[in-house]
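Counting starts at 1 for both ligands and their atoms, following the listed order.
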Amino acid sequence: MKITDLGTAVVAGNFDWIYVRIDTDEGLSGLGEAYWGAGVEPIIRELKPFLVGEDPSNIDWLFNKLLRYMSGSGSQAGTVVTAIGGIEIALWDLAGKALGVPIYRLLGGRYRDRVRVYADCGQGDEPTPESWAERARTALAGGFTAIKFDIDNVDPERFGREPSVGLAAPWARSHRRPLASAELDRIVELMDAVREAVGPHVDLALDCHWNYSVSDAIRLAEALEPFDLAWLEDPVPPENWEAMSRVTDAAPMPICTGENLYTRHGMRDLIVNQACDIIQPDIPKTGGILEARRIADLADLYFMHVAAHNVSSPIATMAAAHACASMRNFTVLEFHAMDVPWWDDLVEEPGPLIQDGYLALSEAPGIGLTLNEEVARSHLREGSTYFGA
Ligand code: MG
C-alpha cells in the first residue's frame, strides 16, 4: 500500500479541530486530528510531499522521517510536533483499517475496555460559590464522576486593577504576580462550594495554568488541602523541573503537569527527577499515539500515573482513548466540550460517545469513528475546505 494524497479540514469547535486525511492507492483512507494552534494546518499540508509514495504502515519510521525533514533532531518547534502528531494518528487509523483491528490491539492490547473521562468545567458563569456549585452539578448530571475547574480570574475586582499593556484572556495572562490573600480566600470559598455540591467521592482537580511563583503555589496547595484534590495542575510553569519539584515535594495533593510539553524528550526531566506526581500528555499535541505510549511507559518506571490532557473533537479524543486503554498507568482522560452540544454529532456513530463518565472502545477497525461530512461542513472554519473539496 502506498500513500497517494493528504488533505485537511478545519472545524471551528471551542478550539480549532484540524483533521488530516491520508489516502492510499488501495482505496483506504486514514483520519487523524491535530491539536489547534497557529501554523499547524499549513505545516501538515507542507509535509505531504514527504508522505506520498511511502508505505503508511511504517508509522514510526515516517514519524521520525517527518521530524528530520522539519530540520532535524532537537530543534523542532511545538507546531511541527503537533502537525506530525495529527498525521501520526491518521497513520494509526489507516493501519487499523488495513488489518481490520482497533488501534489498541496494535499497541499490545488493552488494560480496560472503557476509558474513564473527566469533565473540564472551566469556571462557573460568575466567580461566586453558587455559580461554581451549579457548574459542578451540571457535570455530574451528565454522568461524570471526575471534574476539573480553572482558578484563573476568580477575583475580577483585583484582575481589573492589574496593570497590563493590552487585553488578554485570564489564562493567557503574560505577567506573573503575587497571589493576593483576598484571591486565595476566594479560591478556597469556591472550592468549598464545589466540594460541598459534589460530595466527598467525586474526583476534583484544579488547574492553575502556570500562574504562580513556587512559594505562592505551595501556599495555595496548603490552603486547598481540606478539599482532597485529585490533583493540582500546572501550579508553576513546567519548563523548570527543579521549581516544579519544590512544589511537588511540599504540596499535600498530587501535582500534575505536561500538557504543553512535546515528545518524551520534553517530559523526561519531569519524570526521571520525579518532579511531578502525575504526567499529563496531550496525545495529539505531544506527537501522537506511540509517543504518548512511550511517555506513559517512561512514567510507569517511576510508578507515576498518566492523566491525559484533551481538548479535541471525538476523532482525536477516541484516538487518545486507544492509547490510554493500552497504558498500564492510565487514570483519566479529559473531556473539554461540555458547552459544544454538537460534539457527538461530528461522527456518524450513534452517541453519546461518553456514557456515565466513560468512553467505550469498540471492535471497529482503526479509531472506529467516521466523520459526519454534513455536520463537519456546517462548522468549517472560515477559509477552510473539506479535504480540498
Ligand atoms: Mg491544564
Side-chain angles (χ1 to χ4, degrees), residues 13-17 35-37 78 81-82 85 116-124 132 135-136 139 144 146-154 168-174 176 179 187 190-191 194 203-214 216-217 220-221 224 227 229-241 243-244 247-248 251 253-262 266-267 270-271 275-287 292 295-296 299 304-313 316-317 320 324 330-340:
N14 53 342
F15 295 85
D16 274 357
W17 294 327
Y35 190 87
W36 67 280
V81 176
T82 294
R116 192 171 184 221
V117 179
Y118 74 87
D120 182 286
C121 293
Q123 305 199 333
W132 279 48
R135 183 75 170 159
F144 292 97
I147 59 176
K148 185 171 90 181
F149 277 87
D150 300 334
I151 49 171
D152 316 274
N153 197 24
V154 295
W171 56 265
R173 187 163 52 202
S174 53
R176 223 181 299 289
L179 175 62
I187 292 168
L190 295 170
M191 280 301 99
V194 170
D203 287 338
L204 173 60
L206 208 54
D207 193 345
C208 304
H209 283 145
W210 326 282
N211 276 327
Y212 301 113
S213 67
V214 168
D216 279 346
L220 174 68
L224 294 172
F227 307 116
L229 295 185
W231 71 76
L232 190 66
E233 181 171 322
D234 287 315
V236 294
E239 297 96 323
N240 183 334
W241 69 263
M244 187 69 77
V247 180
T248 296
M253 71 283 287
I255 297 298
C256 176
T257 187
E259 70 176 71
N260 275 351
L261 299 175
Y262 300 92
M267 309 276 179
L270 283 164
I271 295 172
C276 60
D277 299 295
I278 301 170
I279 200 81
Q280 190 192 24
D282 185 292
I283 289 168
K285 183 177 187 174
T286 204
I295 290 164
M304 192 182 284
H305 283 138
V306 172
H309 182 259
N310 175 48
V311 298
S312 300
S313 89
T317 300
C324 294
F330 165 79
T331 56
V332 71
L333 168 68
E334 181 167 1
F335 170 66
H336 204 104
M338 268 176 73
D339 301 318
V340 185

Next on the checklist: Please check: side-chain N/O of N14 versus main-chain N/O of H336, any donor-acceptor pairing under 3.5 Å?
Outcome noted: yes

Checklist entry - Short question: side chain of T317, backbone of S312 - any donor-acceptor pair under 3.5 Å? => result yes

Next on the checklist: Are the side chains of I295 and I271 in contact, using a 4.5 Å heavy-atom criterion?
Outcome noted: yes

Checklist entry - Near the Mg ion (ligand 1), which protein N/O/S atoms are found at less than 2.8 Å? => result D207 OD2, E233 OE2, E259 OE1

Next on the checklist: Using the side-chain contact (heavy atoms from CB on, under 4.5 Å) definition, which of the options I283, N310, D282 pairs with Y35?
Outcome noted: D282

Checklist entry - Looking at NE2 of H305 and CD of Q280, how far apart are the two atoms once the value is rounded to the nearest 0.5 Å? => result 14.5 Å

Item to check | Parallel, tilted or perpendicular: ring planes of F15 versus W36, cut at 30 and 60 degrees | outcome: tilted

